[in-house]
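Input: a single structure, listed below in structure tokens.
For the numbers below, each heavy atom of this structure counts, side chains included, while hydrogens, waters and symmetry mates do not.
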Amino acid sequence: MRSDLVFGALSHVSNRYQLCQLASKATRKLHKPNTRLQDTTNDVLHRFRSTNPGTLAPVAAPAKESVQQRRAA
């Protein structure tokens, strides 16, 4: 049931309003065109149950590109 998923997700998010905001943003990003929106929402809540949605995902630092200097001729 979805209520079990919501209560499981509330273990990481203390505020229900914040949970709704995070879940709606994640549902919009993860939704695939030919699937039901309800299934995507359940998947998001299931993911929130096991991880903290308020933390940022680690972002890989971009590799530094070597700058080539050109000499004037």
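In plain terms, the two heavy atoms of Phe48 and Ala9 that are nearest each other are CB-CB, 3.8 Å. Looking at every heavy atom in both residues, Gly8 comes nearest to Ser11 through O-OG, 2.6 Å.
Applying the side chain to side chain donor-acceptor pair (under 3.5 Å) rule to Thr40 yields the partners His31; only residues at least two apart in sequence or on another chain are considered. For Asn15, the side chain to side chain contact (heavy atoms under 4.5 Å, CB included) partners two or more places apart in sequence, or in a different chain, are Tyr17, Gln18. Considering only residues two or more places apart in sequence or on other chains, Asn42 meets the side chain to side chain contact (heavy atoms under 4.5 Å, CB included) condition with Arg2, Leu5. Residues passing the salt bridge (Lys or Arg N to Asp or Glu O under 4.0 Å) test with Asp4: none are found, sequence neighbours excluded. Remark: Leu10 pairs with Val6, Phe7, Arg16, Leu19 by the side chain to side chain contact (heavy atoms under 4.5 Å, CB included) rule, at least two apart or across chains. Considering only residues two or more places apart in sequence or on other chains, Arg28 meets the salt bridge (Lys or Arg N to Asp or Glu O under 4.0 Å) condition with none of them.
Between the CG atom in Asp39 and the OG1 atom in Thr27 there is a gap of 11.5 Å [rounded to 0.5 Å]. Rounding to the nearest 0.5 Å gives a distance of 4.5 Å between OG1 of Thr41 and CG of Leu37.
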